[in-house]
Number of protein chains: 2
Amino acid sequence: MPARNTVQRSIIEDELRRLANHPTADEVYEAVRAEHPSIGKATVYRTLNLLSDEGEIGRVRINNGADRFDHQAFAHYHVRCVECGRVDDVMIALLDEGVNEAAAEASGYQILGHTLQFDGVCPVCRAGEKNDGASTA
Amino acid sequence: MPARNTVQRSIIEDELRRLANHPTADEVYEAVRAEHPSIGKATVYRTLNLLSDEGEIGRVRINNGADRFDHQAFAHYHVRCVECGRVDDVMIALLDEGVNEAAAEASGYQILGHTLQFDGVCPVCRAGEKNDGASTA
DNA sequence: CTTAATGCAAAATCTTTGCACCGGA
DNA sequence: TCCGGTGCAAAGATTTTGCATTAAG
């Protein structure tokens with residue numbers, strides 16, 4: 001396959017693992033640039049795309065705009081805070097295969113997989129709005 | 001509740017219902033503009049956002065770029081064709097509430113809801129690539 | 001009459017691409 | 001050597017915003 005083992009590539013992969021959470025491509029870029037100012041944004045985007053295509057890393061598409069990348073390649077679910085936009089892992093059992101089969105029957109599609117994303121309020125934001133109502137930033 | 005009942009608003013809502021499928025904001029805009037050339041793109045985007053915030057319509061975020069809007073407000077799932085990008089409804093039973101509860105426990109979030117999106121190949125695209133050779137990795 | 005909603009275009013986001021040069025295998 | 005990778009900036013795609021004007025209530 002492709003993949004030439006460049007320095008940039010491991011730097012980016014490293015940084016992603018270090019950020020550990022679910023950074024956007026731009027956040028990875030900023031982090032990388034902090035230590036290696038000469039690395040270009042395009043390289044970060046290209047590399048992240050490459051890695052996720054290869055299955056080395058995961059990509060989480062969130063309702064808030066930017067894609068986020070996940071250092072964990074194996075399938076798992078995510079939850080997004082509707083208040084602050086943070087994204088965390090949801091380590092619950094994967095849905096039964098029967099769900100995919102039911103979807104195939106209901107839609108006529110050949111189902112390749114699924115994505116389950118939860119929406120909620122993270123512990124921090126819950127604490128911050130003890131009261132309720134008006135979400136003031 | 002809607003704030004002000006403008007003509008544009010019902011035109012846009014109407015058009016969305018007529019398109020029926022899962023058009024992007026831009027597709028709605030084009031359709032609306034065909035009959036009402038004076039309506040601006042920003043109004044379409046603003047109205048679509050407004051309606052989905054109000055829960056009048058649904059919003060589906062897809063992996064291929066633009067958001068799509070759904071004239072059906074009630075919760076249901078979607079499948080996206082990885083070949084052509086088409087989006088269709090998947091009318092299967094909603095996941096058990098237990099899933100949300102499990103997610104809440106696993107993440108510490110207060111879970112408000114979830115989104116389940118399937119990826120697959122639509123009937124049309126499957127027909128177009130008859131020979132598959134079972135090489136689906 | 002009041003003021004939210006509209007329309008237009010410019011601005012803001014996020015991501016990809018063209019091109020010349022560089023470095024890994 | 002050879003050609004994919006890189007860096008830079010400009011181009012693309014999508015969505016939002018500022019502001020004067022219009023129209024709903």
Side-chain angles (χ1 to χ4, degrees), chain A residues 1-16 19 22-54 56-70 80 84-87 137, chain B residues 1-16 19 22-54 56-70 80 84-85 87:
Chain A
M1 275 299 296
R4 200 171 274 192
N5 227 46
T6 64
V7 213
Q8 287 85 346
R9 186 157 167 155
S10 37
I11 289 175
I12 292 169
E13 210 168 339
D14 261 24
E15 203 56 57
L16 176 63
L19 291 176
H22 300 86
T24 61
D26 212 68
E27 285 166 351
V28 174
Y29 167 58
E30 290 300 338
V32 163
R33 193 173 60 154
E35 294 176 48
H36 307 269
S38 66
I39 293 184
K41 178 185 288 194
T43 299
V44 174
Y45 274 85
R46 272 187 293 232
T47 303
L48 252 17
N49 281 343
L50 192 59
L51 290 172
S52 70
D53 282 353
E54 287 172 0
E56 294 281 317
I57 65 176
R59 172 195 295 243
V60 196
R61 188 148 247 257
I62 296 300
N63 211 333
N64 215 16
D67 278 12
R68 287 163 180 282
F69 292 87
D70 194 330
R80 161 181 155 273
C84 68
R86 187 197 322 280
V87 172
Chain B
M1 264 288 289
R4 210 170 267 202
N5 227 51
T6 64
V7 221
Q8 288 84 347
R9 185 157 170 153
S10 37
I11 288 175
I12 292 168
E13 210 169 338
D14 262 25
E15 201 56 57
L16 176 62
L19 291 177
H22 300 85
T24 61
D26 211 68
E27 284 165 353
V28 175
Y29 168 58
E30 291 300 337
V32 163
R33 194 174 58 155
E35 293 176 50
H36 308 269
S38 67
I39 292 185
K41 179 185 287 194
T43 299
V44 173
Y45 274 84
R46 272 187 294 231
T47 303
L48 253 17
N49 280 343
L50 192 60
L51 290 172
S52 70
D53 281 354
E54 286 172 1
E56 295 281 318
I57 65 176
R59 172 195 294 242
V60 196
R61 187 149 244 255
I62 297 301
N63 211 336
N64 215 16
D67 278 12
R68 288 163 180 282
F69 293 88
D70 193 330
R80 160 181 154 273
C84 68
V87 172

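Letters go in sequence order (proteins before strands), and every chain restarts at 1. All of these numbers come straight from a predicted model, not from anything done at the bench.
Of the candidate nucleotides D:dA24, C:dA9, D:dA9, C:dA9 has the atom lying nearest to any side-chain atom of B:Ala42. Comparing D:dA24, D:dT16, C:dG24 by their closest approach to the side chain of B:Asn49 singles out D:dT16. Minimum atom distance to the side chain of B:Ala66 is reached by D:dT15, of the listed D:dT15, C:dT3, C:dG7. Of the candidates C:dA9, D:dT6, C:dT3, the closest approach to any side-chain atom of A:Thr43 belongs to D:dT6.
When the P atom of C:dT17 is taken as reference, atom NZ of A:Lys41 falls 16 Å away, rounded to whole Å. Put simply, CD1 on B:Ile11 is 9 Å from P on C:dG7, counting in whole angstrom units. Going from atom CZ of A:Phe69 over to atom P of C:dT15 covers 7 Å, rounded to whole Å. Taking atom CD1 of residue B:Ile39 and atom P of nucleotide D:dT22, one finds them 17 Å apart after rounding to whole Å. Atom pair B:Arg33:CZ and C:dT6:C1' shows a separation of 16 Å (rounding to whole Å applied). As a whole-Å value, the separation of B:Ile12 CD1 from C:dG7 C1' is 12 Å. Rounded to whole Å, the distance from CG on B:Asp67 to P on D:dA13 is 17 Å. Atom-to-atom, OH of B:Tyr29 to C1' of C:dG7 comes out at 9 Å; the value is rounded to the nearest Å.
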Requested in this report: Starting from the C-alpha separation in whole Å, work towards a yes-or-no answer on side-chain contact (heavy atoms from CB on, under 4.5 Å) for B:Arg59 and B:Asn49.
Outcome: CA-CA 9 Å; B:Arg59 172 195 294 242; B:Asn49 280 343; 2.3 Å; yes
Report task. Under the side-chain contact (heavy atoms from CB on, under 4.5 Å) rule, what do A:Val87 and A:Asp70 come out as? Steps first, then yes or no, please. Result -> CA-CA 10 Å; A:Val87 172; A:Asp70 194 330; over 6 Å; no
Requested in this report: In sequence, state the C-alpha distance, the side-chain angles, and the governing distance for B:Lys41 and B:Asp26, and then conclude on side-chain contact (heavy atoms from CB on, under 4.5 Å).
Outcome: CA-CA 8 Å; B:Lys41 179 185 287 194; B:Asp26 211 68; 3.4 Å; yes
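A sub-4.0 Å separation between OP1 or OP2 of D:dT16 and a side-chain N or O of B:Tyr45 is absent. In this structure, A:Gln8 does not reach the C:dG23 phosphate: none of its side-chain N or O atoms is under 4.0 Å from OP1 or OP2. Phosphate proximity of D:dA23 to B:Thr6: absent, as no side-chain N or O sits under 4.0 Å from OP1 or OP2. Phosphate contact (OP1/OP2 of D:dG25, side-chain N/O of B:Asn5, threshold under 4.0 Å): absent.
Counting heavy atoms from C-beta on, the side chains of B:Ile11 and B:Gln8 never come closer than 4.5 Å.
Side-chain atoms of A:Arg46 and base atoms of D:dG7 include a donor and an acceptor less than 3.5 Å apart.
Shown here for A:His22 and A:Arg68, the closest heavy-atom pair between the two residues is O-NH1, 2.7 Å.
Counting any heavy atom pair closer than 4.0 Å across all strands shown, A:Asp26 reaches no nucleic acid atom. Within 4.0 Å of B:Thr24, counting heavy atoms only, lies no atom of the nucleic acid at all.
Mapping B:Arg68 and A:Thr47 onto DNA chain D by nearest heavy atom places A:Thr47 at the nucleotide closer to the 5' end.
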